[in-house]
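This report refers to the structure that appears directly beneath it.
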Amino acid sequence: ISINCVHLTEMLKDMCIFAAWVHGDPRKVIYPTDSYGQFCGQKDTLNENKTILFYFNILKCASPVVLINLQCPTTQLCVSKCPDRFATYIDVQASYRYKPDQWNYFRQFCKPGFNNPRKSVAQVLRDEDCPSMIIPSRPFLKRCFPDFSTKNGVLTVANQTTFKDGRGKTRNVTDLREAANGINNVLDARSVGMKIFEDYAISWYWILIGLFIAMIVSLLFLVLLRFTAGVLFWIFIFGVIGIIGYGIWHCYWEYDHLKGIPGSDLTVYDIGFQTDFRVYLQLRQTWLAFMIMLCVVEVIIILMLIFLRNRIRIAIALLKEGSRAIGYIMSTLFYPIVTFILIAICISYWAVTAVFLATSGEPVYKVMANQTLCKYANLTCDPETFNTTNVTKLCPGAQCTFAFYGGESLYHKYIFIFQLANAFVFLWLVNFAIALGQCTLAGAFASYYWASRKPADIPLWPLFSSFGRAIRYHTGSLAFGALILAIVQLIRVILEYLDHKLKAFYVLKTVHEFCNSFTRFLLCCLKCCFWCLEKFLKFINRNAYIMIAIYGKNFCTSAKEAFFLLMRNVVRVAVLDKVTDFLLFLGKILVAGGVGVLAFFFFTQRIPVFAQEAPTLNYYWVPLLTVIIGSYLVAHGFFSVYAMCVDTLFLCFCEDLERNDGSTAKPYFMSASLHRILGKKELSPKKAVG
């Protein structure tokens with residue numbers, strides 16, 4: 001399994017990298033492309049100093065999305081700078097003899113080499129040698145966008161509300177409103193983005209301090225769980241019981257208060273359905289129903305506490321034991337950094353390969369005609385032979401211009417398959433990195449549990465020893481488990497893709513309504529089933545990696561033994577899982593909330609001692625949200641180690657109960673607190689695990 005899985009991973013990875021890097025060209029993403037398929041600003045070309053793309057007729061472009069992602073149906077040229085004034089070709093041509101400066105300025109926005117002001121205006125506009133007009137623009141995303149602004153609530157361009165379109169008409173700036181709305185939103189977002197960047201540049205030092213405080217608080221919380229796990233849990237439980245008890249009393253009070261009020265003795269059936277739900281609160285029957293439901297919930301909780309009290313005590317003891325184990329193996333708290341680095345490498349590999357694949361097409365040219373009835377419009381063409389065809393005769397002014405990157409070869413037809421393969425390898429590698437971390441941590445914590453005398457018999461450098469064993473002996477098992485999970489995740493990705501594509505049919509109603517409903521239902525069921533399957537596999541894999549770390553068996557055997565071991569202790573699993581989830585969630589909220597409150601008072605300059613130190617920000621919520629989210633992620637990283645520790649100790653505990661009986665021949669390896677909970681009077685002398 002080890003050899004096959006590793007070889008399959010390498011084969012898929014090499015296939016994607018070879019295909020992407022041979023055919024891909026990231027310059028297609030970095031540089032804009034003119035109508036001739038040439039990059040703007042590329043070194044060692046004629047466009048080296050022309051880094052900005054200029055559109056002859058911006059009115060033909062609907063929105064910035066069209067400009068950036070698709071192709072605007074107008075000639076596009078690379079220029080060194082955007083126009084800074086209004087001008088039309090008609091005016092410039094009429095005055096080129098006595099105002100040559102205007103002609104020289106306008107000419108830089110014409111096609112390269114064009115310098116014939118004597119050519120008739122009709123022919124120039126037909127052949128699109130020059131734009132009919134230029135308007136003040138500014139570069140954004142390496143494209144020339146009109147310099148829109150608002151003056152007293154009126155849309156203007158360079159403080160003007162009208163302009164000449166170069167075809168004998170005076171037009172209002174509002175004619176550009178459709179494009180202006182999108183562009184202004186983009187430019188406003190750019191302004192906000194610059195302010196956010198400034199806030200980060202000013203406050204990054206304090207953000208790091210906040211995250212460091214979150215790390216210290218997380219460590220303290222894990223250490224204190226040894227003493228406070230039981231207290232926190234029982235406070236929460238009795239708090240819930242008290243709240244429900246108050247709810248029962250309040251329902252009874254409302255029920256008794258409505259006694260004798262006209263209309264309160266009606267039933268819900270009598271008044272029927274009402275849109276104003278407050279009507280139901282005037283009925284005694286409503287409060288009686290609420291009181292009965294709360295009483296049932298209260299009784300269930302109390303009965304669960306009575307019958308599960310011993311298992312809850314075991315869960316709390318395991319939580320305390322996990323805190324003690326982490327205290328002896330502190331290096332495990334910093335292992336998530338290794339996992340983070342590995343996942344970052346996987347993301348970088350996937351992103352670079354995806355970009356190369358996405359840019360591996362060849363330039364595709366299409367016929368662009370001014371006449372809407374031209375039958376050759378939007379057909380592919382060859383710019384080298386275009387002038388020898390009869391297209392220009394049948395469609396005067398038609399041009400063969402660059403449209404997009406693509407291709408019709410066998411390779412280009414299967415680019416989507418390569419992207420799927422790249423995504424699959426990415427999912428596989430990420431799951432492998434996570435599996436490696438889980439197996440490493442499980443091995444370290446298992447060495448703590450099975451030590452006869454704690455901490456004297458804990459091996460030296462348990463984390464590094466466990467990591468070495470996982471790399472040397474368990475690579476194939478981890479890769480196989482990651483492979484199964486990656487297949488399910490890829491299926492989920494494909495289902496999401498199909499759902500996204502089929503939404504167009506839903507909107508257009510191109511198929512029968514019954515088929516639409518059935519397809520949506522089927523996709524919804526499939527997505528739900530595979531989501532559940534993924535969750536189940538993650539649970540099985542996690543426990544299988546623990547058994548691999550303990551016994552060193554293969555993945556299938558470890559998964560089977562872990563599953564049946566958990567099924568024999570299913571109630572303990574459920575109790576431990578919920579108790580652990582609650583305490584860790586409480587810890588995350590405590591860390592993120594506490595550090596967030598401190599950051600709020602600091603960045604809003606409400607702490608007198610640090611008022612002078614706090615930076616002046618455009619948006620105080622920028623570093624505040626960063627600190628809160630970062631603190632939550634820091635706490636999640638530390639607590640994920642703790643959760644893995646508890647799960648490992650639990651499986652070791654269950655295995656200890658089944659393998660040993662506490663006798664001298666088969667002593668328990670559990671701690672004294674767990675031993676007391678099980679009802680044993682004293683611990684027998686322990687022997688090493690053979």
Side-chain angles (χ1 to χ4, degrees), residues 217 221 224-225 227-320 528 570-598 600-601 604 606 621 624 628 631-632 635 639 677:
V217 175
F221 184 83
L224 292 176
L225 274 180
F227 311 101
T228 61
V231 176
L232 290 175
F233 177 77
W234 289 115
I235 288 176
F236 172 77
I237 290 298
F238 287 117
V240 171
I241 292 176
I243 292 173
I244 296 177
Y246 170 78
I248 294 172
W249 175 84
H250 182 77
C251 291
Y252 175 78
W253 183 86
E254 291 284 355
Y255 175 79
D256 185 68
H257 179 71
L258 292 173
K259 185 177 181 180
I261 297 178
S264 62
D265 291 327
L266 295 175
T267 64
V268 175
Y269 179 79
D270 293 333
I271 66 173
F273 176 76
Q274 300 291 328
T275 56
D276 187 359
F277 292 100
R278 290 176 297 181
V279 174
Y280 298 106
L281 299 180
Q282 307 302 320
L283 303 179
R284 299 185 71 202
Q285 187 186 59
T286 302
W287 292 106
L288 179 63
F290 286 161
M291 184 173 61
I292 293 174
M293 287 188 291
L294 289 177
C295 288
V296 171
V297 173
E298 186 89 331
V299 170
I300 291 175
I301 292 177
I302 294 174
L303 290 177
M304 289 179 61
L305 290 176
I306 293 174
F307 290 104
L308 298 178
R309 64 188 185 280
N310 198 46
R311 289 179 172 83
I312 293 175
R313 292 174 61 201
I314 293 175
I316 294 174
L318 283 172
L319 290 171
K320 295 180 179 179
C528 179
V570 63
V571 179
R572 287 173 177 166
V573 173
V575 173
L576 178 68
D577 184 60
K578 296 308 175 186
V579 173
T580 305
D581 288 346
F582 161 70
L583 290 178
L584 295 187
F585 176 75
L586 185 65
K588 294 175 187 178
I589 296 300
L590 178 65
V591 172
V595 177
V597 170
L598 180 63
F600 172 77
F601 283 104
T604 55
R606 299 186 184 185
W621 51 264
L624 177 62
I628 293 175
S631 299
Y632 184 86
F639 295 167
I677 292 173

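Numbering of residues begins at 1 and proceeds along the displayed sequence. Worth knowing before you read on, the calculation uses all heavy atoms, side chains too, and leaves out hydrogens, waters and symmetry mates.
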Sorted by chain and number, sequence neighbours left out, ring-ring contact (aromatic ring centres under 6.0 Å, His included) with F290 holds for W287
CD1 (I292) and CG (L288) are apart, to the nearest 0.5 Å, by 4.0 Å
dist I244:CD1 -> I301:CD1 (nearest 0.5 Å) comes out at 3.5 Å
Rounded to the nearest 0.5 angstrom, the CH2-CE distance for W253 and M291 is 14.5 Å
query: Are W234 and L305 close enough that some pair of their side-chain heavy atoms sits under 4.5 Å apart?
result: yes
Output for pair (M304 CE, I312 CD1), nearest 0.5 Å, gives 7.0 Å
Closest non-hydrogen atoms of S631 and V595, given as atom of the first, atom of the second and distance, are OG-CG1, 3.4 Å
- Message: For H250, I'd like to know if atom NE2 has over 12 heavy atoms of other residues, nucleotides or ligands within 6.0 Å.
- Response: yes
- Around M293, counting heavy atoms of other residues, nucleotides and ligands shown, do more than 12 lie under 6.0 Å from its CE? yes
Taken to the nearest 0.5 Å, the spacing of E298 CD from L303 CG works out to 10.5 Å
d(I261 CD1, R284 CZ) to nearest 0.5 Å is 9.5 Å
Donor-acceptor list for residues 575-590 side chains, cut-off 3.5 Å, not counting sequence neighbours:
{"residue": "T580", "atom": "OG1", "partner": "L576", "partner atom": "O", "Å": "2.7"}
{"residue": "K588", "atom": "NZ", "partner": "H636", "partner atom": "ND1", "Å": "3.0"}

> When you look at Y632 and I628, which way does the side-chain contact (heavy atoms from CB on, under 4.5 Å) test go after all the steps?
Replying inline: CA-CA 6 Å; Y632 184 86; I628 293 175; 5.8 Å; no
